[in-house]
Amino acid sequence: MTSDAFTRRVRTLLLALPLAGCSGSESIDPYVLDLTVRYQDGQEDLFDGREVKLLVGPPGGVPPTLFAVPSGAGHGVQLDVAEIPPMTPGTRVGLLAEDPGGVADQWTPELTAGYGDVLIEESTDPGTSVSIQILVPALGEIGTIDNIPNAKHRMLPATAVAPDGSVYIFGGIPGLDEAVEASDQILTLSHVDEGDTTFDAAATRLPTTKGPAISGGDREYAGRCALQATLMEDGLILVTGGRPKYLEPWAPTDQWLLFDPVTDQIVNKGKLPQPRMDHLAVRFQGGKVLVYGGSISNNVERTPSFSIFDPERARADSGPVLADDATGVNRVFGAPLGTDVVVCGGDTTKAGTGVQDWEPHAGCQRIQPTGDVADFDPLPVPLSGATMTSLPDGGLLVVGGFSEIIHDTIDGNYVDEVGDAPGRTEVYRWADGAGWALVANLTYARAHHAASILADGRVLIVGGDERGGALFARYLAPVRCPELFDPATNTVTAYECTDTGSGAYATAVNADGTDIFVMSGYQYNGSAVSGLDRFGYTAYGPPLPLP
């Protein structure tokens with residue numbers, strides 16, 4: 001256990017009544033759970049004055065059952081539980097903290113203060129003593145667990161969460177130093193490992209590929225930054241694109257690979273139709289993945305293009321070339337909508353004599369798994385560097401971004417850091433038949449942030465920067481304060497500010513469906529890049545469906 005974590009041991013006796021099919025005269029030995037309740041730094045009082053509930057959810061999609069825990073939980077209590085079946089592998093055991101006012105045996109999402117759970121990996125019959133460690137993060141408040149000494153300054157890595165909740169970081173560059181290549185390491189973290197909250201290197205590394213430089217010649221290189229990682233339906237992780245250095249103008253790679261988190265091995269790889277970096281990768285219903293936009297050569301191409309990766313055929317095919325003004329190329333954003341994916345915004349470049357302009361777009365496209373493209377309602381304003389989230393009601397949510405053109409000067413092959421564009425606070429919501437509507441405003445203007453949906457449909461908004469920034473931006477104004485959008489009321493709530501999760505290209509990804517892994521982005525203080533060295537969790541909520 002690290003010095004930043006606080007533990008409280010709870011010896012809880014669960015009394016199980018006879019199971020179905022047993023006679024009422026038979027007695028069932030009680031379960032004995034030895035719970036280690038673990039908190040993040042600054043969240044040790046999470047249960048104080050709140051209602052605490054125990055959740056037990058059998059595997060196979062069976063709705064979980066909630067049991068009220070008497071006052072004083074966390075200090076040793078004895079629970080009388082109506083019925084707990086034998087806990088087979090895949091049973092979920094969790095603890096839920098709610099503000100007062102809810103129903104004893106139900107989850108009240110708007111009262112959720114924190115939640116955490118674990119999956120039982122081995123069969124545990126009644127009468128068995130089971131030791132379980134549960135990390136219980138506070139909802140919306142991002143507590144820090146540890147720093148990341150061996151993942152520090154991983155600018156523009158790709159992050160994905162495996163089905164077992166383990167977090168994987170692919171590549172990333174140590175900083176804006178053209179002499180330093182991106183790392184070829186794959187780092188992994190399991191947040192349930194008591195006493196070890198640092199990332200470990202996976203058993204394999206990102207493979208070598210080849211790319212040309214503007215200065216001429218090809219070279220082989222390993223390592224990636226500005227790549228994407230997508231969790232597939234079979235539990236594999238698809239990694240696409242990237243480049244070896246960020247400032248030096250090497251071409252992006254056209255490589256894709258499938259990584260198996262169970263074996264820590266790359267099990268398949270191939271070629272995309274076009275090289276890409278800083279692109280979008282979104283999974284369709286059914287398993288295919290849309291790979292869209294991004295820089296596809298040494299210079300930023302103006303024509304948007306996309307490809308679709310088919311896991312059954314283990315290949316990616318090109319879609320049609322879109323109109324110049326369909327959407328942007330860089331900093332596009334998108335999300336699933338039914339069986340399709342909607343892509344909006346982004347920006348394209350116009351280069352003149354010593355000047356390069358980055359112009360945001362308002363266009364949207366609806367792309368089908370077949371590669372067919374349909375028009376979609378354009379955004380109310382041009383946007384780039386925003387986020388898009390699929391809502392449970394079938395709608396879409398777009399948050400932040402920037403709308404103004406960024407003007408940069410060109411010095412040789414590089415863009416000087418003189419361009420800027422303010423971030424926006426607007427929150428737009430799309431509904432079928434009603435189009436886009438402005439529904440709320442953030443407290444903090446931001447672009448290049450992250451958004452992740454909670455179990456109850458609310459959307460957590462993390463990090464970003466107050467400015468838009470160009471291709472090689474050195475972000476000077478990191479946003480430190482997370483916010484939570486509630487689609488039921490179209491309101492936004494700001495949470496306590498923290499360096500964990502702050503900065504441009506921060507990470508917020510669902511970890512095992514029960515909490516959200518948050519990692520800081522990066523910022524520039526005028527002389528060096530900092531950030532990308534702290535992580536934590538925020539509560540997601542109990543898994544659905546609930547009674």
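- Of the N and O atoms on the side chains of Asn330 and Ser384, not one donor lies less than 3.5 Å from an acceptor on the other residue.
- In this structure, the side chains of Leu484 and Leu454 come closer than 4.5 Å at one or more pairs of heavy atoms.
- Under a 3.5 Å cut-off, the side chain of Gln43 and the backbone N or O of Pro137 do not form any donor-acceptor pair.
- The closest donor-acceptor contact from the side chain of Arg446 to the backbone of Gly423 lies at 3.5 Å or more, if one exists at all.
- The shortest side-chain heavy-atom distance between Leu257 and Pro207 falls under the 4.5 Å cut-off.
- The 12-atom threshold is exceeded at CD of Glu110, counting heavy atoms of other residues, nucleotides or ligands nearer than 6.0 Å.
- Across all their heavy atoms, Val329 and Val332 have their closest contact at O-CG1, 3.7 Å.
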Worksheet item: Between Leu383 and Phe333, is a side-chain contact (heavy atoms from CB on, under 4.5 Å) present by the stated rule, with each step listed?
Response: CA-CA 9 Å; Leu383 281 177; Phe333 43 94; 3.9 Å; yes
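- Rounding to the nearest 0.5 angstrom, the gap separating the OG1 atom in Thr240 from the CZ atom in Phe309 is 9.5 Å.
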Discussion item. Pair Met519, Val167 - check side-chain contact (heavy atoms from CB on, under 4.5 Å), show working.
Written reply: CA-CA 11 Å; Met519 186 172 72; Val167 179; over 6 Å; no
Worksheet item: Are Arg331 and Asp278 close enough, and set up right, to give a salt bridge (charged side-chain N to carboxylate O under 4.0 Å, His left out), and what steps lead you there?
Response: CA-CA 7 Å; Arg331 294 171 279 262; Asp278 284 326; over 6 Å; no
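- Side-chain N/O atoms of Gln274 and Ser307 include no donor and acceptor closer than 3.5 Å.
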Worksheet item: Can Asp375 and Gln365 be said to form a side-chain contact (heavy atoms from CB on, under 4.5 Å), step by step?
Response: CA-CA 5 Å; Asp375 291 333; Gln365 296 287 306; 4.1 Å; yes
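- Of the possible polar contacts, none joining the Trp436 side chain to the Tyr428 backbone as a donor-acceptor pair under 3.5 Å is found.
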Worksheet entry | Test side-chain contact (heavy atoms from CB on, under 4.5 Å) applied to Val492 and Asn441, step by step | CA-CA 7 Å; Val492 176; Asn441 279 281; over 6 Å; no
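- Side-chain atoms of Ser390 come within 3.5 Å of backbone N or O of Pro336 as a donor-acceptor pair.
- Closest approach of Gly435 and Asp377 over heavy atoms only: CA-OD2, 3.5 Å.
- A distance of 5.0 Å separates CG in Asp340 from CD in Gln368, rounded to the nearest 0.5 Å.
- Residues Pro478 and Gly503 come closest through the heavy atom pair CB-CA, 3.6 Å.
- Using a 4.5 Å heavy-atom cutoff, the side chains of Val459 and Leu391 are in contact.
- Rounded to the nearest 0.5 angstrom, Met277 CE and Gln228 CD are separated by 11.0 Å.
- A donor atom on one side chain and an acceptor atom on the other are not found under 3.5 Å apart for Asp486 and Thr491.
- A 4.5 Å side-chain heavy-atom check between Met388 and Cys344 finds at least one atom pair inside the cut-off.
- In this structure, CD1 in Ile173 is found 9.0 Å from CZ in Arg243, a value given to the nearest 0.5 Å.
- Inter-residue side-chain proximity for Asp317 and Ile308 is flagged as unmet; no heavy-atom pair is nearer than 4.5 Å.
- Using modelled atom types, one side-chain atom of Gln285 and one backbone atom of Gly338 make a donor-acceptor pair closer than 3.5 Å.
- Of all non-hydrogen atoms in Gly94 and Asp117, the two that sit nearest each other are CA-CB, 3.3 Å.
- Counting only distance, with no hydrogens or angles, the side chain of His449 and the backbone of Ala506 share no donor-acceptor pair below 3.5 Å.
- Checking Phe376, Tyr292, Phe306 one by one against Val343, the side chain to side chain contact (heavy atoms under 4.5 Å, CB included) holds for a single residue, Tyr292.
- Pro487 places a side-chain heavy atom less than 4.5 Å from the side chain of Arg458.
- Side chain of Glu426 to backbone of Leu438: no donor-acceptor contact under 3.5 angstrom is found.
- The distance from atom CG of Leu460 to atom CZ of Phe485, rounded to the nearest 0.5 Å, is 13.0 Å.
- Pairing each heavy atom of Arg283 with each of Leu231, the nearest pair is NH1-O, 2.7 Å.
- In this structure, the side chains of Phe170 and Arg224 stay at 4.5 Å or more apart for every pair of heavy atoms.
- Considering Leu139, Thr443, Thr538, Ile461 in turn, Leu139 is the only one that fulfils the side chain to side chain contact (heavy atoms under 4.5 Å, CB included) rule with Tyr495.
- Taking the side chain as every heavy atom from C-beta outward, Pro252 and Leu227 never approach each other to under 4.5 Å.
- A salt bridge is defined here as a Lys NZ or Arg NE, NH1 or NH2 lying under 4.0 Å from an Asp or Glu carboxylate O, and Asp310 with Arg315 fails to meet this definition.
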Contacts table for residues 398-405: side-chain donor-acceptor under 3.5 angstrom, sequence neighbours left out:
residue : atom : partner : partner atom : Å
Ser403  : OG   : Pro382  : O            : 2.4
Ser403  : OG   : Arg424  : NH1          : 3.2

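- The CG atom of Leu258 lies 10.0 Å from the OG1 atom of Thr230; values are rounded to the nearest 0.5 Å.
- Contact record, Ile406 with Ala421: CG1-CB, 3.6 Å, taken as the closest heavy-atom pair.
- In summary, the aromatic rings of Tyr522 and Tyr475 are positioned with their centroids under 6.0 Å apart.
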